[in-house]
J.: 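Would you mind keeping the following structure in view while I ask a few things?
Owing to the predicted nature of the structure, the values given are computational and were not obtained by experimental measurement. Proteins come first, then strands; the chains are lettered A, B, ... in the order of their sequence lines, and each starts at number 1.
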2 protein chains.
Amino acid sequence: MTPQSSEDSELLTVRIAELYYDENKTQDEIGALLGVTRWKVGRLLTQARERGIVRIEIMHPRARRLGIERELRERFGLRDAVVVPVSDDVRSRVAQAAADYLTALRPVPRILGISWGRTLDSVADHLSIGWATGVTVVQINGGVSLNRRPGTASTTAAEIAQKGRGHAILLPSPAILERLETARAISTDRTVAGVLDRAAAANAYLYSAGVADSSSILVDSGYLSEEDVAELVRKGAVGDVVGRYIDANGNPVDPGLDERTVGLGLEQLRAAQTAIFVVAGDAKHDIARAVVTSKLCSVIVTDESTAAALLEAS
Amino acid sequence: MTPQSSEDSELLTVRIAELYYDENKTQDEIGALLGVTRWKVGRLLTQARERGIVRIEIMHPRARRLGIERELRERFGLRDAVVVPVSDDVRSRVAQAAADYLTALRPVPRILGISWGRTLDSVADHLSIGWATGVTVVQINGGVSLNRRPGTASTTAAEIAQKGRGHAILLPSPAILERLETARAISTDRTVAGVLDRAAAANAYLYSAGVADSSSILVDSGYLSEEDVAELVRKGAVGDVVGRYIDANGNPVDPGLDERTVGLGLEQLRAAQTAIFVVAGDAKHDIARAVVTSKLCSVIVTDESTAAALLEAS
DNA sequence: CGTTCACGTGCTCATTTGAGCGTACGACGC
DNA sequence: GCGTCGTACGCTCAAATGAGCACGTGAACG
């Protein structure tokens, strides 16, 4: 009787969606109103969602992307993944998400190993007081003394510890030493070795990564020159993790340099039960891919754009 | 046991919303997962919608704003109202909506009276073939001959008629005449009077309005000079409806001019059972207000911005 | 011309959901 | 310390919804 072109049915779908979502009528009422059965109304509503006519969005600074998270977990065999939607201040959102994740982490870690840097500092800021009760925070890579920037390094660990009603153990060592002997000497030093032992015994690690370019905080802090970094890039470096430069496969690009770097080794990180990797920003896609594919982390906290980059890699 | 700050509950709300809308889990499952009762899940979901955390949008060229439509109906005692959301080509969307409205209009009009202009032309374009079966389309105001623009005036009526499997009756007269005697003579002319009689007998009218400024199509067509319009504005004109300039109260600004205008009178429009007024664009807010408040129309088809302007008037 | 297949339809039934209600708990004033 | 109020809670019950099924229709094909 009444011929139904596909365009007509789309128009009908729109009317139904309006009545259902804007006017909160029941599917029954809508059916009566528009002269269709309520089952058809239901079917068209399902279609409307599938075809994107009806878009449901969760607008909130702490919103997440569970679908992408699942894909990441499955694709890379991660224990967990946290992905926040794109927004104007992604870095802060990701830090917030990492703080939330840490707070919700069960069992609550008694010893937490952390790296340092802008990202970690931001995570510390977003943690709320009492996120844990009596946590021991251990620095897992050196670099306290040389850092000029206020409010980083030691204060990051201290803030996380204080907000978790515990105490911080700092690693009193430069990040990278000039000579191998010095590095060996300091690593076997009673104090430093003690800290590294505690770090190795941590229940969980929380760390970020740096890009391999002149903007690196390791350059900024004076441990490496711009030329050093350029040379590392030439050798295939994509970025650094706890002070150690790695290539796309997650291997140290320069074994010599790696030996002169004080802190937890990459293998210890790989062996860890819980290694939470926090990474945000388009510049860090490559290093993020290296970390995730080489299984340096068991949990990733990142933004949607980075997650998409990870997933689209063949 | 677990203290719930308002921020915590908001975070919980967000998690629930994600699981419900993105992962389509049932409220029960979510409750079990997050350790709350399903009733709390339901309540928080309601809140999430109320507080705007969850936003449901209908993205479609033919979407409408039923809430605003209801307000318009109630506020101005309209028989019906159609409001389309803001978009980049509002004018086309409104024309589409008018065409849809006309198509869905029951009883199907046997005689339809129309004005002419850019808006009406666009409505004609958006009508689909077979929107009616055997409709008679009558022009309700003059202006055929002088119009220089291709694809307007007579072709508008012809297109609407042809798509409705009927025929058009044109009003063979200028819109405005220079001398009153000429106007009276032409109006009593057998042909013209016949058309006007048919126009008066229409079951429904469809018309738009023009702004009172130099961009008016009446100026463009040579019926009025820019000075004439400026003078009308000085007298309080806000725009024209079927060729007749009215003030904010819906009265003709210049009775002399009004008598020299050939076509359906405003009173006939006011008395009509179905007078569909199509108006789009920010420039037409004033004339729209005049038409609606002075009850020149029984149905309005417009955009969200115009509707908002109408509703915010005290 | 008959057969098959895909699809849309209206239905039954189980699940899911929201409205309404009595209750417990905490804040506040006395 | 005690009563009162408001709020949030868990629950009952009825309404609303989605999954699954049998049927009819129309198109493609032999």
J.: Could you tell me the separation between the CD atom of Gln47(B) and the C1' atom of dG18(C), rounded to a whole number of Å?
T.: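 My rounded result for the distance is 15 Å.
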
J.: When you check the gap from the basic side-chain N to the acidic O, do Glu74(A) and Arg70(A) get nearer than 4.0 Å?
T.: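 No, this pair does not count.
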
J.: Got more than 12 heavy atoms from elsewhere within 6.0 Å of CD, Glu23(A)?
T.: yes

J.: Taking five pairs at each end of the helix from dC1(C)-dG30(D) to dC30(C)-dG1(D), what angle separates the two helix axes (nearest 10°)?
T.: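 Result, rounded to 10 degrees: 30°.
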
J.: Here's a test for you: under side-chain hydrogen bond (donor to acceptor under 3.5 Å, both in side chains), which of Glu10(B), Glu18(B), Arg51(B) qualifies with His60(A)?
T.: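 Of the listed options, the one satisfying the test is Glu10(B).
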
J.: Run the salt bridge (Lys or Arg N to Asp or Glu O under 4.0 Å) test against Arg165(B) and tell me which residues pass, sequence neighbours left out.
T.: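 Arg165(B) satisfies salt bridge (Lys or Arg N to Asp or Glu O under 4.0 Å) with no other residue.
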
J.: Check the distance between dG18(C)'s C1' and Lys40(B)'s NZ and give it to me in whole angstrom.
T.: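 Distance check: Lys40(B) NZ to dG18(C) C1' gives 17 Å.
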
J.: Picking from Val123(A), Val94(A), Val279(A), what satisfies side-chain contact (heavy atoms from CB on, under 4.5 Å) with Val301(A)?
T.: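 Testing each of Val123(A), Val94(A), Val279(A) against Val301(A), the sole residue satisfying side-chain contact (heavy atoms from CB on, under 4.5 Å) is Val94(A).
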
J.: Atom CZ of Phe277(B) and atom CG of Leu296(B): how far apart are they, to the nearest 0.5 Å?
T.: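 Separation between the atoms: 8.5 Å.
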
J.: Starting from P on dG18(C), measure out to CD on Glu50(B) and report it in whole angstrom.
T.: 12 Å

J.: Can you measure from CZ (Arg65(B)) to CG (Asp303(B)) and round to the nearest 0.5 angstrom?
T.: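 Rounded to the nearest 0.5 Å, the CZ-CG separation comes to 11.5 Å.
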
J.: Here's a test for you: under side-chain contact (heavy atoms from CB on, under 4.5 Å), which of Asn203(A), Ile160(A), Ile276(A), Thr136(A) qualifies with Leu112(A)?
T.: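 So the option named by the test is Ile160(A).
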
J.: Which letters describe nucleotides 17-23 of chain D, given B = protein heavy atom under 4.0 Å from base, S = only from sugar-phosphate, - = neither?
T.: BB-B---

J.: Between P on dA15(D) and CG on Asn24(A), what's the gap in Å once rounded to a whole number?
T.: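 The answer, rounded to whole Å, is 19 Å.
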
